[in-house]
Amino acid sequence: MRIASYNINGINSRFAVLERWLKEFQPDIVGLQELKCTDDAFPAAAIEALGYSAIWHGQRAWNGVALLSKVGRPVETRRALPADPNLEQSRYIEAAICGILVGNMYAPNGNPQPGPKFDYKLAWLDALKAYAQDLIDGEVPAMLIGDYNIIPTDEDVYKPERWKKDALFAPAAREKFRELVEQGWTDALRKTHPDERIYTFWHYWRNSFERDAGIRIDHALLSPPLAKKLKKAGVDRTPRGWEKTSDHGPMWVELKL
DNA sequence: ATGTCTGGCCCGGCCAGA
C-alpha cells in the first residue's frame with residue numbers, strides 16, 4: 001500500500017501534471033494540498049474517471065486539501081483540527097481508509113516572522129500537537145501527512161544559512177515539530193533515509209531544482225501501530241521536472257498491511 | 001537582495017501570497 005502526499009499548488013492549473021503522476025506512479029491513497037479552488041471548482045469527475053474516490057475541503061484562491069483513494073471510499077472523520085485557531089482556512093481533512101486514519105494537512109507558512117502570521121503558525125501547530133497526542137493515547141493506527149511548512153533540521157536544507165530568517169526554519173517552528181515527533185511518531189522519510197539529504201520542495205526561481213537547492217517540508221508521521229508496518233518511503237522527483245509543475249515533489253510511504 | 005508562479009480583480013497589468 002502506497003500513500004503519498006503532494007502539494008499540487010493549484011489543482012486546476014496543474015491538473016495535467018496530477019493526472020500524469022497518478023497514472024505513472026499509481027499511489028493507493030493521496031493527500032493533496034494547496035488546491036487553491038472552491039469546493040465547486042474541485043475537478044471531482046476527472047479524478048473519479050482516473051479511478052479515485054475523493055473528499056475535499058476547498059477555499060477560494062488559497063489553501064485547500066483533499067484525500068484521494070483507489071482502495072475504497074474515504075470515510076471522512078474530520079475537516080478541521082479540533083482546536084483549529086481559524087476555521088476560515090481549509091488546512092486539514094481526515095478520513096478512515098483501509099483501517100488507517102489518514103490526516104492530511106497544509107500547515108500555515110508563517111512568513112513574515114515575527115508577526116501575526118507566524119503567531120498563527122505556532123497556534124495552529126499547538127492545535128495539531130494536542131490532537132496528535134490524543135491519537136497516540138488512543139493507540140490509533142494513524143498517519144499525519146502533508147505540507148508541514150517546517151524544515152526540521154540542518155540536514156533538511158541545502159544551505160541552512162540561506163533560510164535562517166525564514167518562518168519554515170525558525171527555531172520555534174522546528175521545536176514544535178520536534179515535540180510532535182517525540183510524542184511517539186515516526187518521521188517515515190527520515191527513518192528510511194537516516195543519512196541522506198532528501199528534499200520535497202525546490203523554488204521555481206534560480207534553477208533551484210536543477211541545482212538540487214531544496215528543502216524537506218512535506219512529511220509523513222506514523223503512529224506506533226503503523227510504524228511497525230513501514231517498508232519504504234521516498235520522493236518522486238520526476239514530476240518536479242515536468243512543464244507547468246508544482247514547486248513541490250510528491251513524497252510517499254509504503255506500508256505492508 | 002535576488003528570484004517565479006498563480007489567482008483575483010474584472011478584462012490589463014498589477015498585487016498578494018507562497
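Letters go in sequence order (proteins before strands), and every chain restarts at 1. Just so you know, these numbers use all the heavy atoms, side chains as well, and skip hydrogens, waters and symmetry mates.
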Which residues pass the side chain to side chain contact (heavy atoms under 4.5 Å, CB included) test with [X], sequence neighbours left out?
X: N109(A); result: N111(A), N149(A), L168(A)
X: S53(A); result: R73(A), P74(A)
X: A130(A); result: none

Taking the minimum atom-to-atom distance to the side chain of [X], which one of [options] wins?
X: A61(A); options: dT4(B), dT6(B), dG8(B); answer: dG8(B)
X: R206(A); options: dA18(B), dT6(B), dG3(B); answer: dG3(B)
X: R91(A); options: dT6(B), dG8(B), dA18(B); answer: dA18(B)

Round to a whole Å and report the spacing from [atom1] of [X] to [atom2] of [N].
X: W202(A); N: dA18(B); atom1: CH2; atom2: C1'; result: 17 Å
X: N7(A); N: dT6(B); atom1: CG; atom2: P; result: 14 Å
X: N63(A); N: dG17(B); atom1: CG; atom2: C1'; result: 10 Å
X: E243(A); N: dT6(B); atom1: CD; atom2: P; result: 11 Å
X: L18(A); N: dT6(B); atom1: CG; atom2: P; result: 15 Å
X: I151(A); N: dA18(B); atom1: CD1; atom2: C1'; result: 13 Å
X: H203(A); N: dT6(B); atom1: NE2; atom2: P; result: 15 Å
X: L35(A); N: dG7(B); atom1: CG; atom2: P; result: 12 Å

| Hey, which of these two, K244(A) or N111(A), hits DNA chain B nearer its 5' end, going by closest nucleotide? |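 By nearest-heavy-atom nucleotide position, the 5'-most residue is K244(A).
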
| query | On DNA chain B, nearest-nucleotide positions of T38(A) versus N149(A): which is more 5'? | reply |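 Mapping each residue to its closest nucleotide by heavy atoms, the 5'-most match is T38(A).
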
| task | Measure the spacing between CG of N104(A) and CE of M143(A) and express it to the nearest 0.5 Å. | result |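 Nearest 0.5 Å value for the CG-CE distance: 10.0 Å.
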
| task | State which residues pass side chain to side chain donor-acceptor pair (under 3.5 Å) with E182(A); sequence neighbours excluded, sorted by chain then number. | result |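 Testing E182(A) for side chain to side chain donor-acceptor pair (under 3.5 Å), a comparison that skips the adjacent residues, returns R178(A).
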
| query | Who are the side chain to side chain donor-acceptor pair (under 3.5 Å) partners of E24(A), not counting sequence neighbours? | reply |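 Scan of E24(A) (side chain to side chain donor-acceptor pair (under 3.5 Å), adjacent residues dropped) gives R20(A).
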
Quantified in whole Å, what is the [atom1] atom distance between nucleotide [N] and nucleotide [M]?
N: dA18(B); M: dG3(B); atom1: C1'; value: 13 Å
N: dG12(B); M: dG17(B); atom1: P; value: 25 Å
N: dA1(B); M: dC14(B); atom1: P; value: 25 Å
N: dC15(B); M: dC10(B); atom1: P; value: 14 Å

| request: Select base, sugar-phosphate, or nothing to describe what Y106(A) touches, counting heavy atoms under 4.0 Å on all strands. | output: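 Touches sugar-phosphate only.
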
| query | Taking only residues two or more places apart in sequence or in another chain, which ones pass ring pair (Phe, Tyr, Trp, His ring centres under 6.0 Å) with Y52(A)? | reply |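 Partners of Y52(A) by the ring pair (Phe, Tyr, Trp, His ring centres under 6.0 Å) criterion come out as none, since no residue qualifies.
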
| field | Hydrophobic cluster of L180(A), others only, ordered by chain and residue number, side-chain cut-off 4.5 Å | value |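 L81(A), Y92(A), L101(A), M105(A), Y120(A), W124(A), L125(A), L128(A), Y131(A), L135(A), I136(A), V140(A), L144(A), Y148(A), I150(A), F177(A), V181(A), W185(A), L221(A), listed by chain and number.
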
Protein-nucleotides 14-16 of chain B N/O pairs under 3.5 Å:
none

| task | May I ask you to decide if A233(A)'s main-chain N or O and H193(A)'s side chain share a donor-acceptor pair within less than 3.5 Å? | result |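 Yes; at least one donor-acceptor contact below 3.5 Å.
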
| Counting only N and O atoms by type, is there a donor-acceptor contact under 3.5 Å from the side chain of T186(A) to the main-chain atoms of A188(A)? |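 Judged by distance alone, no pair lies under 3.5 Å.
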
| query | Using 30° and 60° as the class limits, which term best fits the ring planes of F201(A) and H203(A): parallel, tilted or perpendicular? | reply |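 The arrangement is perpendicular - the two ring planes meet at more than 60°.
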
Quiz: residues 36-48 of chain A side-chain donor-acceptor pairs under 3.5 angstrom, not counting sequence neighbours:
residue : atom : partner : partner atom : Å
K36(A)  : NZ   : N9(A)   : OD1          : 2.7
T38(A)  : OG1  : A41(A)  : N            : 3.4
D39(A)  : OD1  : G58(A)  : N            : 2.6

| According to a strict under-4.0 Å criterion, is R211(A) in side-chain N/O contact with OP1 or OP2 of dG3(B)? |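 For R211(A), the contact criterion (side-chain N or O under 4.0 Å from OP1 or OP2 of dG3(B)) is not met.
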
| field | Interface with DNA chain B, restricted to residues 8-16 of chain A and to heavy atoms under 4.0 Å | value |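 S13(A), R14(A) - these, ordered by number, are the residues of the stretch whose heavy atoms sit under 4.0 Å from the strand.
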
| field | Pairs touching residues 215-228 of chain A that satisfy salt bridge (charged side-chain N to carboxylate O under 4.0 Å, His left out), sequence neighbours left out | value |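 Qualifying pairs, neighbours excluded: D156(A)-R216(A), D187(A)-R216(A).
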
Please enumerate all protein N or O atoms sitting under 3.5 Å from an N or O of nucleotides 10-13 of chain B, with distances to 0.1 Å.
none

